[in-house]
Each structure stands twice: as C-alpha cells, then as structure tokens.
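The structure appears below as structure tokens.
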Amino acid sequence: MGMSLGVKSKQKPKRKAVMTSPPPAWEVPPVRIPASAFTHAGFRAWATSDEFPEKLRASFINQEVIIDMSPEELETHNKVKTKVISVLDSFNERLDLGELFSDRTLVSNRAAGLSTEPDGTFVTWSSFEAGRVRLVQRKDRPGQYVELEGTPDWVLEVVSRSTVQKDTVSLRESYHRAGIPEYWLIDAQYAEVSFRILRRRRDRYVAVAPRDGWHRSPIFGRSFRLDRRKNRMGRWTYSLEIAPA
C-alpha cells in the first residue's frame, strides 16, 4: 500500500493528495511541508536541513512537491535495485570510471527545476573535473554531503506501483531537461522484466535496441542483460550480466 502526495508550487499553493492505492490500515504520521519548500531553492534547503524527516522520500518535479509514502516492495524493487548497484559498483571499482551513488542521494538540477532521489546515480571523473556535477557540502559539517548538483552521467529508476507516472513520464522528461545522457528504467512487477537503457537525444530519450537480449550502455562501455529466476524459497533472484569488452 502507499500514497503519493503532489503539491503544485504557486504563490498560494493548493494542496492535493493523490492516492495510488486504498488508504493504509496503519496510521501515517503527518508530514509538515514548510511554505518555503514550494520553490525549487526552498525545497533544496528543506531537503538538506535537519528538519527534513529522515525516512521521507520527497521530490521537486515540474513545480510540484511529490511525497512518496509507500513502503518499498522487496521482490520487484529492493532486490532489483540492490543487484544493479552491487554489480555496477564492482564493475566501476575495477575500471575506476567515476563515483557511483545508491538511493537516498539527492540530485538537483537548477536548469530543469529538479530535485529527486534516484535509485542509483553515477558521475564520471570527467564530469566532476569539468564542473558538470558538484557535491554540495552540508552547512557547518565539513566533508559531509547529502546532495549532488548538476548533470550526472547516469541515473536508475526501478518502477513500483506508486511511481509509474513519476518514473515513466515526469522523471523521464525532467532527466532529459537536466541533460542526463543515460537513464536506466526497470519494471519487474510483471511476468516479464522490462529493462530499458534510454539514451538522450536532442528532443527525447530513445531506448537502445537490444541485440540477443543484450543492452548496450554508452556510459559504461559495455552491454548488459538483466535476468531473474526463482530461488530455493520460491522467491526471485536477479542477475545483471556484463558482456565482455
């Protein structure tokens, strides 16, 4: 079960709640959104402050504050995300291409008016060195960071029941406006796993055409294949394979 709350950014914001499933039986603590958070700059200040609830997932997309209050599904979301990040982390450790960040990393882009927490984010060393991305240091806490600002090279989203519209439409458009070259979009909710590597073109993202089940990633310079099988408990085990160079 889950709930997403979308709030448009206006001078006098009108709050609306969009239920993506029936109201949960358990009681959800109230979420207090400060008035200042209805601008992009204000949202970033709130999201990186000590007042921001630790377990809250919130995004600023298309002038709207979106709160995701859904618990994370284990079989079709958590396991997928964990496998992709773990494989890419080992791959990046061998080749030393840049820095990989898992979920709960706030990514902000001023030009796109975007702040969100992808399921995974990757920044090449060249992007850091060219100033396309920078780590934003926390106030009064040297060496601590909770936000990336700029244009990362790669982002990952694993679709869940409450984030279909957000991941496949809103974020797809916003990531494109932010200039992010590669977007991995995975949906494992159904009988067949949908694994798409989206490459940025001038006006939209275009899915890389797979060859014999392999999807080519320009950013990582390899082809990937995502599969799953049932384990001894009858639950899913995922594998992300990397084709030889």
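Throughout, numbering of the chain's residues begins at 1 and tracks the sequence.
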Name the residue from F224, W184, F195 that meets the ring pair (Phe, Tyr, Trp, His ring centres under 6.0 Å) definition with H215. F195

Residues, nucleotides or ligands: over 12 heavy atoms within 6.0 Å of R177 CZ: yes

Linking I/L/V/M/F/W/Y whenever any side-chain heavy atoms sit under 4.5 Å apart, do V208 and V87 land together? yes

With the 4.5 Å side-chain cut-off for hydrophobic clustering, are V206 and I180 part of the same group? no

Just one of E54, E117, E72 clears the salt bridge (Lys or Arg N to Asp or Glu O under 4.0 Å) bar with R104, so which one? E117

Do V169 and V107 belong together in a cluster built from hydrophobic side chains that touch within less than 4.5 Å? no

List the atom of R228, the atom of A188, and the distance in Å for their closest heavy-atom pair. NH1-O, 3.0 Å

For D212, does the CG atom have more than 12 heavy-atom neighbours from other residues, nucleotides or ligands under 6.0 Å away? no

With rounding to the nearest 0.5 angstrom, report the CG to CG distance, N109 to L148. 11.5 Å

Side chain to side chain donor-acceptor pair (under 3.5 Å) assessment of W125 paired with D96: CA-CA 9 Å; W125 295 127; D96 192 26; 3.0 Å; yes

pair T124-W154: side-chain heavy atoms closer than 4.5 Å: no

Minimum heavy-atom separation for N62 and E173, please, with both atom names. ND2-OE1, 4.4 Å

Can you tell me how far the CG atom of L156 sits from the CD1 atom of I85, to the nearest 0.5 Å? 5.5 Å

Verify whether the ring centers belonging to F122 and F220 lie closer than 6.0 Å. yes

Evaluate the criterion side chain to side chain contact (heavy atoms under 4.5 Å, CB included) for residue pair R222 and L95; output intermediate values, then yes/no. CA-CA 12 Å; R222 294 289 192 280; L95 275 67; 3.9 Å; yes

Ignoring hydrogens, what is the shortest heavy-atom contact between L226 and V80? Give both atom names and the distance. CD2-CG1, 4.4 Å

Step by step, work out the salt bridge (charged side-chain N to carboxylate O under 4.0 Å, His left out) result for K139 and D50. CA-CA 10 Å; K139 294 181 179 179; D50 292 335; over 6 Å; no

Answer whether the closest heavy-atom distance between the side chains of Y175 and P118 falls below 4.5 Å. yes

Can you tell me if CD on E192 sees more than 12 non-hydrogen neighbours from other groups inside 6.0 Å? no

What pairs meet the ring pair (Phe, Tyr, Trp, His ring centres under 6.0 Å) rule with one or both residues in residues 62-93, with sequence neighbours excluded? none

Is it possible for you to say whether L97 and F101 belong to one hydrophobic cluster, with membership spreading through side-chain heavy-atom contacts below 4.5 Å? no

Determine whether a donor-acceptor pair (N or O, by modelled atom type, separation under 3.5 Å) exists between the side chain of S49 and the backbone of W46. yes

Do F52 and Y145 belong together in a cluster built from hydrophobic side chains that touch within less than 4.5 Å? no

Hey, are the side chains of R44 and V136 touching, using non-hydrogen atoms and a 4.5 Å cut-off? yes

In Å, rounded to the nearest 0.5 Å, how long is the span from CG of L106 to OG of S115? 5.0 Å

Could you tell me if the side chain of I33 sits less than 4.5 Å from the side chain of I67, heavy atoms only? yes

OH (Y205) and CZ (R200) are apart, to the nearest 0.5 Å, by 6.5 Å

Any side-chain donor-acceptor pair under 3.5 Å between S160 and E73? no

Let me confirm one number: the OG1-CZ distance from T116 to R57, rounded to the nearest 0.5 Å. 9.5 Å

Do any N or O atoms from the side chain of T151 and from the backbone of A178 form a donor-acceptor pair under 3.5 angstrom? yes

So, do E157 and D119 sit near enough that their side-chain heavy atoms are less than 4.5 Å apart? yes

On a heavy-atom basis, which atom in V158 and which in D167 lie closest, and how many Å separate them? O-OD2, 3.6 Å

Can you name the side chain to side chain donor-acceptor pair (under 3.5 Å) partners of Q189, sequence neighbours left out? D187

Salt bridge flag under 4.0 Å for residues D227 and R225: yes

Tell me if the CZ atom of R201 is crowded by more than 12 foreign heavy atoms within 6.0 Å. yes

Quick check: does any side chain N or O of R216 sit under 3.5 Å from a backbone N or O of G221, one acting as donor and the other as acceptor? yes

One should read off an interatomic distance between K81 NZ and L74 CG, to the nearest 0.5 angstrom, of 10.0 Å

Sequence-distant partners of R132, salt bridge (Lys or Arg N to Asp or Glu O under 4.0 Å), two or more places apart: none

Of T76, L185, I186, which is the lone residue that meets side chain to side chain contact (heavy atoms under 4.5 Å, CB included) with V159? L185

Would you say the side-chain atoms of H40 pair up with the backbone N or O of L114, donor to acceptor, closer than 3.5 Å? yes

Note: E99 and F128 closest approach over all heavy atoms is OE1-CE1, 3.5 Å

For the side chain of T163 and the backbone of K166, is there at least one donor-acceptor N/O pair under 3.5 Å apart? no

If you compare all heavy atoms of E182 against all heavy atoms of I219, which two are closest, and at what distance to 0.1 Å? OE1-N, 3.1 Å

